There are 2 protein chains.
Amino acid sequence: MIRLLLADDEGLIRGALAALLALEPDLTVVGEAADSVTAVQVALRERPDLAVLDLEMPPGDGLRAATEIRSKLGIPVVLVTRHARPAVLRRALAAGVAGFVPKTTPAARLAEIIRTVHSGRRYVDPEIAASALTEDACPLTDRELEILAVVRGGAPIAEVAAAVHLAPGTVRNYLSAAMAKLGADTRHAAAHHAWQQGWI
Amino acid sequence: MIRLLLADDEGLIRGALAALLALEPDLTVVGEAADSVTAVQVALRERPDLAVLDLEMPPGDGLRAATEIRSKLGIPVVLVTRHARPAVLRRALAAGVAGFVPKTTPAARLAEIIRTVHSGRRYVDPEIAASALTEDACPLTDRELEILAVVRGGAPIAEVAAAVHLAPGTVRNYLSAAMAKLGADTRHAAAHHAWQQGWI
DNA sequence: CGGCCCGCATGACAGATGTCATCGATTCCC
DNA sequence: GGGAATCGATGACATCTGTCATGCGGGCCG
């Protein structure tokens, strides 16, 4: 019997996934959580064999919870996400996640994936993995990404500069470089693009 | 026995919801679809008693499918959405949707809601309904919304003007008005805000 | 009819933004 | 130590953007 922790901020989805997994005789959900902080707490209390986490989960994201659960309990983590892009996959694997499942995956496959991961192997969505190998990596530097992340909310440059502790002129330089690399006309278009690619 | 159509573009969610609903003895899923066009086709073929549709579903959105299914089959539609804001609720109700369920709803409630709607009554998430009554309506005009929708992708003003067939100066005027109403510093912040509120 | 409001457009102007050349400080490597 | 590379910053300049005042035409209502 594989004991699972299930975390997703959307109650309907969390409950539906629980119902789906309850159909499997060898799986049992021993804990649920609606945010990443609770997820870690419940994991420490229930000591599940494996954790299934939604990536899009406040506060921050599920990746932090995944890292923490892995370091504190040493159990494998399966990450479920709607935003399945190569860059996201890279970050997830870097964080030591054992399973990477887009929400477009057929529901019937989830149980097998969980068993695969529980047995010590890894599972990565083949389509995303293929893209990750063929697609170019993100051409942006860390600073450029950091700045674009702030820009995404629509903030004017002065605010961005304050947020990242840089001079406004410097921010404009970084944005100029990022826009050139991305072929974007405005910093907002660049931020939009970077987000769609999963870079920020 | 209530015969259901289930449409959601995310296979994992669709399958999980099917598993959840299959637990109820009086509910049966007779058709599934992964996009709004297929949803209408399947509905016409299977003639379900009720349709459960995800709002965020390509192409366009689930609202179009909801309207079409209602007009062609006359059956009640339950709309499930992640983006539950008062403005979205208003649009859904205007389209004749009988049930409005945020994805944060506890999973256990979905079956009751479906029964309620099937019996001819309506169900609207109480929290969203309360906000819809107390919150101010959208202060933006149709043109302002149309323009903000184009702006959201990060396009420069010239492109926006071309997209909506207006002079660039006029676009700036509309944006200026919208930004004033929304208290935003830039058109991008305004577009971001309008989207968060579900206005575009 | 005449006034009035509204949608659309224009022009002018200040301030924000994108581009570019350059410079100081730090680090790394030979 | 010298030199190259990198990061952060500055200043100048052309453009783009946001604001405001204004004008034109078409409905609407008294």
Side-chain angles (χ1 to χ4, degrees), chain A residues 87 90-91 94 135-200, chain B residues 87 90-91 94 135-200:
Chain A
R90 279 204 190 87
R91 275 209 301 277
E135 260 181 43
D136 308 311
C138 170
L140 303 173
T141 69
D142 287 347
R143 259 306 184 327
E144 287 162 0
L145 289 171
E146 183 187 1
I147 290 174
L148 281 180
V150 182
V151 164
R152 203 167 91 76
I157 291 211
E159 256 175 61
V160 179
V164 298
H165 307 294
L166 284 177
T170 308
V171 170
R172 280 189 281 156
N173 284 340
Y174 280 114
L175 285 173
S176 188
M179 288 157 56
K181 289 178 186 173
L182 266 41
D185 286 337
T186 72
R187 68 209 139 100
H188 301 100
H192 200 74
H193 183 211
W195 178 77
Q196 280 188 329
Q197 294 297 322
W199 295 334
I200 55 178
Chain B
R90 280 204 189 86
R91 277 209 299 277
E135 260 181 43
D136 309 311
C138 170
L140 303 173
T141 69
D142 288 347
R143 258 311 185 324
E144 287 163 359
L145 289 172
E146 183 187 2
I147 290 174
L148 281 180
V150 181
V151 164
R152 203 166 92 75
I157 291 213
E159 255 175 61
V160 179
V164 297
H165 306 297
L166 283 178
T170 307
V171 170
R172 278 189 281 156
N173 284 340
Y174 280 115
L175 285 174
S176 188
M179 288 157 57
K181 288 178 187 173
L182 266 42
D185 286 337
T186 71
R187 68 210 139 99
H188 304 283
H192 200 74
H193 183 210
W195 178 77
Q196 280 188 329
Q197 294 298 323
W199 295 335
I200 54 179

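Values below: all heavy atoms of this structure, side chains included; hydrogens, waters and symmetry mates excluded. If you're wondering where the values come from, they're calculated on a predicted model, not measured in any experiment. Below, chains carry the letters A, B, ... as their sequence lines are ordered, and counting in each starts from 1.
If you measure from atom CG of B:L145 to atom P of C:dG7, you get 13 Å, rounded to the nearest angstrom. For B:I147 and C:dG7, the CD1 to C1' distance is 11 Å, given to the nearest whole Å. The separation between A:L140 atom CG and D:dT6 atom C1' is 17 Å, rounded to whole Å. The interatomic distance linking A:E146 (CD) with D:dC7 (C1') rounds to 13 Å, in whole Å. Distance CD1 (A:I157) to P (C:dG15): 17 Å, rounded to an integer number of Å. Atom C1' of nucleotide D:dG18 and atom NE2 of B:H188 are separated by 12 Å, given to the nearest angstrom. Separating the CG atom of B:D142 from the P atom of C:dG7 is a distance of 9 Å, rounded to the nearest angstrom. Put simply, CG on B:L175 is 18 Å from P on C:dA16, counting in whole angstrom units.
The two residues B:L148 and B:R187 make their nearest non-hydrogen contact at CD2-O, 4.1 Å.
Heavy-atom nearest nucleotides on DNA chain C were determined for A:G169 and for B:G169, and the one closer to the 5' end corresponds to B:G169.
Between B:S176 and the phosphate of D:dG18, there is no side-chain N or O to OP1/OP2 separation shorter than 4.0 Å. Look at B:R143 and you won't find any side-chain N or O under 4.0 angstrom from OP1 or OP2 of C:dG7.
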TODO: Take B:E159 and A:D185, measure what side-chain contact (heavy atoms from CB on, under 4.5 Å) needs, and give me the verdict at the end.
DONE: CA-CA 11 Å; B:E159 255 175 61; A:D185 286 337; 3.9 Å; yes
Open item on the list: Could you walk me through whether A:E146 and A:I200 satisfy the side-chain contact (heavy atoms from CB on, under 4.5 Å) test, starting with their C-alpha distance in whole Å, then the side-chain angles of each, then the deciding distance to 0.1 Å, before giving a yes or no?
Closed with: CA-CA 8 Å; A:E146 183 187 1; A:I200 55 178; over 6 Å; no
Open item on the list: Apply side-chain contact (heavy atoms from CB on, under 4.5 Å) to residues A:L140 and A:Y174 and explain how you reach the verdict.
Closed with: CA-CA 10 Å; A:L140 303 173; A:Y174 280 114; over 6 Å; no
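Considering only the side chain of B:T186, D:dG18 comes nearest among D:dG18, C:dT19, D:dT10. Which of D:dG18, C:dT10, D:dT10 sits closest to the side chain of B:A167 comes down to C:dT10. The B:M179 side chain lies nearest to D:dG18 when the options are C:dC8, C:dT17, D:dG18. Of the candidates C:dT17, C:dT10, D:dG8, the closest approach to any side-chain atom of A:P156 belongs to C:dT17. Listed nucleotides D:dT19, C:dC8, D:dT10 differ in distance to B:R172; the shortest reach to its side chain belongs to D:dT19. Taking only side-chain atoms of A:Y174, from C-beta outward, the nucleotide of D:dC7, C:dT17, C:dC8 with the closest atom is D:dC7.
With hydrogens and angles ignored, a donor-acceptor pair under 3.5 angstrom links the side chain of A:N173 to the base of C:dC20.
Tested against A:H188, the residues B:H192, B:R152, B:H188 include a single side-chain hydrogen bond (donor to acceptor under 3.5 Å, both in side chains) partner, B:H188.
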